[in-house]
Amino acid sequence: MGDIAFWLPGLNGVGANYTFVANTAQISINDIDGTANITGELQNTLNPDQRWFINMQLVNKRNWTEWHALGRSYKDDLAIAGTNYINWSYYELAPTSQLTGSGLLAGSLLQITHAPSTYYYGFQIGVAANNRNTAYGMSGWIYYIGNVNGDSVSGHGDFYAENTCCPEQLIIRQWLATDCAGNTTVHTQQIHVVGSGPIAQTAPIVNGMEMEVYYTSSDRFNVNIQTNRTTNVTVEFYTNSGQFLGSQTKYLNQPNIPCKIEIDGQLLENGMYLFRAYDGSQSVTKRALKIR
């Protein structure tokens, strides 16, 4: 997603500036219902072991005409937007959004909500919308409340995203079919858009680690993972709200050869789950849907 940052001041001694761990950031956009979802793993710029899983839901997408008709405006602190704001998309941040601590912040949780609460400014996406430069990007302001390492905290923060070429997106579409006997099947299409255009999910490894996760008819999540070296890889899995469910560690003794890890999902409810794989120097995060 290009250069992305989260600013979270006032966390009782924890650094305020965060960027995404390489290759974990995803924006899932649904143009049918006007929603978008931002996920990934953040790391502190001064201490990479201070991390957060981010899950932000954007809702009620509007164009400028619709947004302005509600008496709302746009952010342009540096006077760089020009007339680009007319072509931006505007969203509201759903109150179900949150940051779940990992690494040295494991056990911490922040609920994040839209700022200002009047929605006068929105989460804006488009050319120069990141409120920092003229690149294609997005920005939004948030309030947070929760706990960090056992201490109660509250405050405000900023989210920025930019891409100097064009928007990088993961567009996910799903179809659910049910026959007369009640049997169901789900088909999921994922379109990964980067600066050079759409690419397949089987693109070459960028950061040395790649993972694919899908749910099977035998009530298991299949995790196919490969790295560019021999190493121990740990796979952690979480609910979509960030609750830790367990982990498995496996030694990958063949570089660039997929290895399968199975995770029992019989007792899990239908829904989206988060999977994070890491080997000490690199990591990757994916989501997978259980529906039976």
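- Residue Leu109 holds its CG atom at 11.5 Å from CG of Leu105, rounded to the nearest 0.5 Å.
- With a 4.5 Å cut-off on side-chain heavy atoms, Asn44 and Asn17 do not count as touching.
- The shortest side-chain heavy-atom distance between Val153 and Tyr144 falls under the 4.5 Å cut-off.
- Using a 4.5 Å heavy-atom cutoff, the side chains of Tyr214 and Asn224 are in contact.
- Considering only heavy atoms from C-beta on, Leu104 comes within 4.5 Å of Asn47 through its side chain.
- Considering only heavy atoms from C-beta on, Tyr91 comes within 4.5 Å of Ile125 through its side chain.
- In this structure, Ile225 CD1 and Gln248 CD are separated by 11.5 Å, a value rounded to the nearest 0.5 Å.
- Considering only residues two or more places apart in sequence or on other chains, Phe221 meets the ring pair (Phe, Tyr, Trp, His ring centres under 6.0 Å) condition with Tyr215, Tyr273, Phe275.
- Transitive grouping of hydrophobic side chains (ILVMFWY, heavy atoms separated by less than 4.5 Å) brings Ile86 and Trp67 into a common cluster.
- By the rule that hydrophobic residues join a cluster once side-chain heavy atoms approach within less than 4.5 Å of another member, Leu268 and Val235 end up as members of one cluster.
- Remark: the backbone N or O of Gln57 is paired with a side-chain donor or acceptor of Ser97 at under 3.5 angstrom.
- Sorted by first and then second residue, the salt bridge (charged side-chain N to carboxylate O under 4.0 Å, His left out) pairs involving residues 82-103 (not counting sequence neighbours) are Arg62-Glu92, Arg72-Glu92.
- Looking only at side-chain heavy atoms (C-beta outward), Glu262 and Asn222 come within less than 4.5 Å of each other.
- Gln111 and Gln98 share a side-chain donor-acceptor pair at under 3.5 Å.
- Separating the CG atom in Leu110 from the CD1 atom in Ile112 is a distance of 8.0 Å, to the nearest 0.5 Å.
- When side chains are defined from C-beta on, Asn149 counts as touching Ser108, because their heavy atoms get closer than 4.5 Å.
- Checking Asn130 against Tyr160 by side-chain atom types alone, no donor-acceptor pair falls below 3.5 Å.
- Expressed to the nearest 0.5 Å, how far CG of Asp219 lies from CD1 of Ile263 amounts to 14.0 Å.
- Put simply, OG1 on Thr19 and CD on Glu41 are 11.0 Å apart, with the number rounded to the nearest 0.5 Å.
- When atom types are taken as modelled, the side chain of Tyr120 and the backbone of Ser117 share no donor-acceptor pair closer than 3.5 angstrom.
- With hydrogens and angles ignored, the 3.5 Å screen pairs a side-chain donor or acceptor of Asp76 with a backbone N or O of Ile80.
- Val148 and Phe159 fall within the same hydrophobic cluster, defined by Ile, Leu, Val, Met, Phe, Trp and Tyr side-chain heavy atoms under 4.5 Å apart, directly or through other members.
- Side-chain atoms of Gln254 do not come within 3.5 Å of backbone N or O of Gln226 as any donor-acceptor pair.
- Using a distance-only test at 3.5 Å, with no hydrogens or angles considered, a donor-acceptor pair links the side chain of Ser139 to the main chain of Ala129.
- Cluster membership for Leu70 and Trp64, using ILVMFWY side-chain heavy atoms within less than 4.5 angstrom, is not shared.
- Using modelled atom types, no side-chain atom of Lys75 and backbone atom of Tyr121 make a donor-acceptor pair closer than 3.5 Å.
- In this structure, Met209 CE and Arg229 CZ are separated by 7.5 Å, a value rounded to the nearest 0.5 Å.
- Remark: the backbone N or O of Ala106 is not paired with any side-chain donor or acceptor of Ser102 at under 3.5 angstrom.
- Panel note: side chain Trp88, backbone Asn63; no donor-acceptor pair is recorded below 3.5 Å.
- Contact check for Thr100 versus Ile54: no side-chain heavy atoms found under the 4.5 Å cut-off.
- Checked by atom type and distance alone, the side chain of Gln43 never pairs as donor or acceptor with a backbone atom of Asp49 at under 3.5 Å.
- Under a hydrophobic-cluster definition in which Ile, Leu, Val, Met, Phe, Trp and Tyr are linked whenever side-chain heavy atoms come within less than 4.5 Å, directly or via other members, Ile27 and Tyr136 are assigned to the same cluster.
- For the ring pair (Phe, Tyr, Trp, His ring centres under 6.0 Å) criterion with His114, the lone passing option out of Tyr90, Trp141, Phe123, Tyr143 is Phe123.
- Judged by distance alone, with hydrogens and angles left aside, the side-chain atoms of Lys61 form no donor-acceptor pair with the main-chain N or O of Ala36 at under 3.5 Å.
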